[in-house]
Amino acid sequence: DTDYIRRAKILYIGEAVREVALKAASEARKAGLKVIYGPGIFSSMGVDYLGPVIELSDYVIISSRELRMLGVEDPSELIPEQGSRRIVVTLGARGSMLLGRGVSELVPSFNVRAIDTTGAGNAFTAGFILGIMRGVGERESLIIGNAAAALKVERLGPRASPKLFELTSFLRRMGFGTLAELVEER
């Protein structure tokens, strides 16, 4: 429903068939929204196939494994010569990385005991988007994403992502109290 898209602040497109993703991204662009795209399993279709959706995205969130499935050796290949697209690569236990024109930021993960990594990418993405929505900055959004993923991997089950109060409590314990205050519900 394109009316629904126009009322949003940010559009996240995750693991959608290209035609659906392309239509949604086009509508979001027309409405002036930020577009965040996570191709997920559709990465196996290749960069040529997904290129039109990637081109309409402000942020592409992709795991290092999905990057290989996409057929891209160096994530900077996805950064246009002009424009402000950012590539966010999740690196599992090593953290996450943000790449863009003139930007290269690696944010290490939090040291936790992983029980189940299923759903960690989804938790990361939710945390990253929360940071972008709250306007805390890209590095800080990576930290929030890493924190959400860290909390997720400490739990069993794919849908065991943290609640907002758990995320902000964790950020405080890890020394990011100011950041926690910025992302709390308003």
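What you see is a predicted model; the values in this text were computed from it and never measured.
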Any chance CG of N111 has more than 12 other-residue heavy atoms, nucleotides or ligands included, within less than 6.0 Å?
-> no

When rounded to the nearest 0.5 Å, the distance separating CG of L167 from CD of E184 is 10.0 Å

Quick one: pull up CD in E166 and CD in E154 and give me the separation to the nearest 0.5 Å.
-> 10.5 Å

In short, S63 meets T90 closest at the heavy-atom pair CA-OG1, 3.1 Å

For E15, all residues meeting salt bridge (Lys or Arg N to Asp or Glu O under 4.0 Å), sequence neighbours excluded | none

Taken to the nearest 0.5 Å, the spacing of R85 CZ from L56 CG works out to 8.5 Å

So K9 and K34, side-chain contact (heavy atoms from CB on, under 4.5 Å) or not? Walk me through it.
-> CA-CA 7 Å; K9 294 179 183 174; K34 280 190 195 265; over 6 Å; no

By side-chain contact (heavy atoms from CB on, under 4.5 Å), which residues pair with A126, not counting sequence neighbours?
-> none

Exercise: identify the closest heavy-atom pair between A148 and G127 = CB-CA, 4.3 Å

For the atom pair CD1 (I87) and OG (S57), what is the distance rounded to the nearest 0.5 Å?
-> 8.5 Å

T168 side chain vs A180 backbone, donor-acceptor pair below 3.5 Å = no

Which atoms form the tightest heavy-atom contact between D116 and G157, and what is the distance?
-> OD2-N, 2.8 Å

Of the non-hydrogen atoms in A120 and V153, which two are nearest, and what is the gap between them?
-> CB-CG1, 3.6 Å

Taking the side chain as every heavy atom from C-beta outward, state whether Y37 and I61 have any atom pair closer than 4.5 Å.
-> no

State yes or no: do F165 and L130 share one hydrophobic cluster built from I, L, V, M, F, W and Y residues joined by side-chain heavy-atom distances below 4.5 Å, directly or via other members?
-> no

Closest non-hydrogen atom pair between G131 and S141, with its separation = C-OG, 3.1 Å

Same cluster (ILVMFWY, side-chain, under 4.5 Å), F124 and I115 | no

Any residue meeting ring pair (Phe, Tyr, Trp, His ring centres under 6.0 Å) with Y59, in chain and number order, not counting sequence neighbours = F128

For residues 41-54, tabulate all N or O donor-acceptor pairs below 3.5 Å that involve a side-chain atom, not counting sequence neighbours.
residue	atom	partner	partner atom	Å
S43	OG	G40	O	2.7
S44	OG	I41	O	3.0

Quick one: list whatever passes salt bridge (Lys or Arg N to Asp or Glu O under 4.0 Å) with R18, sequence neighbours left out.
-> none

Are V88 and I36 close enough, and set up right, to give a side-chain contact (heavy atoms from CB on, under 4.5 Å), and what steps lead you there?
-> CA-CA 10 Å; V88 177; I36 301 175; over 6 Å; no

Residues in salt bridge (Lys or Arg N to Asp or Glu O under 4.0 Å) with E27, at least two apart?
-> R6, K23, K30

Residues which pass side-chain contact (heavy atoms from CB on, under 4.5 Å) with D74, listed by chain and number, not counting sequence neighbours = S76, E77

Is there a path from M69 to V17 through hydrophobic residues (I, L, V, M, F, W, Y) whose side chains come within less than 4.5 Å of each other?
-> yes

Taking atom CD of E19 as the centre, does the number of heavy atoms from other residues, nucleotides or ligands within less than 6.0 Å exceed 12?
-> yes

Can you list the residues that meet the side chain to side chain donor-acceptor pair (under 3.5 Å) rule with S64, with sequence neighbours excluded?
-> none

What residues, two or more places apart in sequence or in another chain, satisfy side chain to side chain donor-acceptor pair (under 3.5 Å) together with R139?
-> E105

Can you see which heavy atom on L33 is nearest to which on A8, and at what distance?
-> CD2-O, 2.9 Å

Rounded to the nearest 0.5 Å, what separation is found between the NZ atom of K152 and the CZ atom of R159?
-> 11.5 Å

Residues in side-chain contact (heavy atoms from CB on, under 4.5 Å) contact with F170, at least two apart in sequence or another chain | F110, V112, A147, A150, L151, R173, M174

pair V107-L98: side-chain heavy atoms closer than 4.5 Å | no

Apply side-chain contact (heavy atoms from CB on, under 4.5 Å) to the pair R134 and L182, showing each step before the final yes or no.
-> CA-CA 7 Å; R134 295 288 202 253; L182 292 172; 5.8 Å; no

Please list, chain by chain and in numerical order, all residues satisfying side-chain contact (heavy atoms from CB on, under 4.5 Å) with L106, sequence neighbours excluded.
-> L91, M97

Distance from L142 atom CG to E140 atom CD, nearest 0.5 Å?
-> 9.0 Å

Got a sec, which pairs hit salt bridge (Lys or Arg N to Asp or Glu O under 4.0 Å) with one end in residues 54-67, sequence neighbours left out?
-> R29-D58

